[in-house]
Amino acid sequence: MSTTDAVAIFAEGTFEDQIAELAGYISDSRPEQERASYVQSISTTLVVEKGQTPLSEDIARRREVFSRLLGDVKGLGEGTEREIEGFFNLLYAHLLNLWPIDSSETKKHLSTLVPIITSSPAIPQSNIASLKSLSNFFNTLPRQSALRLPVYKALLDLASSTMSYRPSKSPAPTSKMAPGVGNLVRREECFP
């Protein structure tokens with residue numbers, strides 16, 4: 001496990017249980033007739049044959065299974081905002097637990113995952129879920145990690161594309177507020 005400012009806490013289940021849960025979430029975005037076969041294909045990779053090293057002791061195999069699953073993430077998915085956030089938090093926890101922070105694999109997975117999160121459909125619910133997911137990822141990375149910069153840039157780009165500045169209609173600024181400070185509002189509120 002890599003050294004970070006944050007500690008990965010897996011509240012429930014084994015690696016196998018969590019991967020099966022992630023696969024179930026991914027399958028919800030697939031056509032109905034493909035869902036069961038997809039989950040089964042991931043479950044098959046989790047089976048430990050007699051004489052084989054248990055997954056809990058086989059980091060190479062856990063990395064292989066996780067990489068395959070991560071390759072199947074194509075968007076935010078079909079969940080609620082809370083489900084999307086939980087899904088990505090679990091992905092981040094496994095990613096940062098399986099590889100050292102500054103490894104080429106972590107950088108590769110990050111460079112694949114961030115554009116997936118930011119390229120979600122332009123509907124307010126997905127924008128909020130994307131912003132939360134990126135913010136959580138940014139805050140999970142160690143303060144000195146070079147990986148924070150691309151996540152931060154993606155977060156700013158997404159925020160600037162979904163939010164607009166609108167001058168406040170409030171009374172004159174108070175001493176606690178800089179002159180000209182306005183409110184950030186959703187772009188949809190400015191341009192219906």
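If you're wondering where the values come from, they're calculated on a predicted model, not measured in any experiment. Note that the numbering runs from 1 along the sequence shown for the chain.
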For residues 32-40, run the donor-acceptor check on the side chains, cut-off 3.5 Å, and write out each pair with its distance to 0.1 Å, sequence neighbours left out.
from: Glu32; atom 1: OE1; to: Arg35; atom 2: NH1; distance (Å): 3.1
from: Arg35; atom 1: NE; to: Ser27; atom 2: O; distance (Å): 3.3
from: Arg35; atom 1: NE; to: Arg30; atom 2: O; distance (Å): 3.0
from: Arg35; atom 1: NH2; to: Asp28; atom 2: O; distance (Å): 3.1
from: Arg35; atom 1: NH2; to: Arg30; atom 2: O; distance (Å): 3.3
from: Ser37; atom 1: OG; to: Glu34; atom 2: O; distance (Å): 3.0
from: Tyr38; atom 1: OH; to: Asp72; atom 2: OD2; distance (Å): 2.8
from: Gln40; atom 1: NE2; to: Thr44; atom 2: OG1; distance (Å): 3.4

Side-chain heavy atoms of Tyr92 within contact of Leu110, under 4.5 Å: no
I'd like to check Asn89 versus Thr140 (side-chain heavy atoms, cut-off strictly below 4.5 Å). Are they in contact? no
Heavy-atom donor-acceptor pair, Asn139 side chain to Ser135 backbone, under 3.5 Å: yes
Measure across Ser29 and Gly77 and return the closest heavy-atom pair with its distance rounded to 0.1 Å. OG-CA, 3.3 Å
Is there a continuous path of hydrophobic side-chain contacts, each under 4.5 Å between heavy atoms, that joins Val151 to Leu156? yes
Residues in ring pair (Phe, Tyr, Trp, His ring centres under 6.0 Å) contact with Tyr25, at least two apart in sequence or another chain: Phe87
Who passes side-chain contact (heavy atoms from CB on, under 4.5 Å) against Asp157, sequence neighbours left out? none
Between Arg61 and Thr53, which heavy-atom pair has the shortest distance, and what is it? NH1-O, 4.2 Å
Under the salt bridge (Lys or Arg N to Asp or Glu O under 4.0 Å) test, residues paired with Arg63 that sit two or more places apart: none
Going from CG on Leu22 to CG on Leu90, what distance comes out if it is rounded to the nearest 0.5 angstrom? 4.5 Å
So, Glu21 side chain and Gln18 main chain: donor-acceptor pair closer than 3.5 Å or not? no
Applying ring pair (Phe, Tyr, Trp, His ring centres under 6.0 Å), can you list everything that pairs with Phe88, at least two apart in sequence or on another chain? none
So, taking the atom named CD1 in Ile59 and the one named CG in Leu98, what distance separates them when rounded to the nearest 0.5 Å? 5.5 Å
Heavy atoms only: give me the nearest Val114-Ala154 pair and the separation to one decimal. CG1-CB, 3.3 Å
If the condition is side-chain contact (heavy atoms from CB on, under 4.5 Å), which residues does Ser103 pass it with, not counting sequence neighbours? Trp99, Pro100, Glu105, Thr106
Working to the nearest 0.5 angstrom, can you tell me the gap between Ser161 OG and Asn127 CG? 6.5 Å
Within-4.5 Å side-chain heavy-atom neighbours: Ser41 and Arg68: yes
Smallest separation among heavy atoms of Ser145 and Asp102, with atom names: OG-OD1, 4.1 Å
Taking Ser130 for the side chain and Ile117 for the main chain, is one N or O donor matched with an acceptor at less than 3.5 Å? yes
For Leu141 and Arg148, which heavy atoms make the closest approach, and how far apart are they? CB-CG, 3.6 Å
Is the shortest heavy-atom distance from the side chain of Leu70 to the side chain of Thr112 under 4.5 Å? no
pair Thr45-Glu64: side-chain heavy atoms closer than 4.5 Å: no
Shortest non-hydrogen pair, Glu49 vs Val47, comes out as OE2-CG1, 3.6 Å
When rounded to the nearest 0.5 Å, the distance separating CD of Glu85 from CG of Asn136 is 4.5 Å
I'd like to check Ser56 versus Thr14 (side-chain heavy atoms, cut-off strictly below 4.5 Å). Are they in contact? no
In this structure, would Leu149 and Ile101 fall into the same cluster of hydrophobic residues linked by side-chain contacts under 4.5 Å? no
CD1 of Ile84 to CG of Leu76: how many Å apart, nearest 0.5 Å? 5.0 Å
Heavy-atom side-chain contact between Glu78 and Glu83 under 4.5 Å: no
Classify the ring geometry of His94 against Phe66: parallel below 30°, tilted from 30° to 60°, perpendicular beyond 60°. tilted
Just by distance, do the side chain of Arg62 and the backbone of Phe15 share a donor-acceptor pair under 3.5 Å? no
In Å, rounded to the nearest 0.5 Å, how long is the span from CD of Glu81 to CG of Leu131? 9.5 Å
Side-chain heavy-atom pair Leu95, Phe137 within 4.5 angstrom cut-off: yes
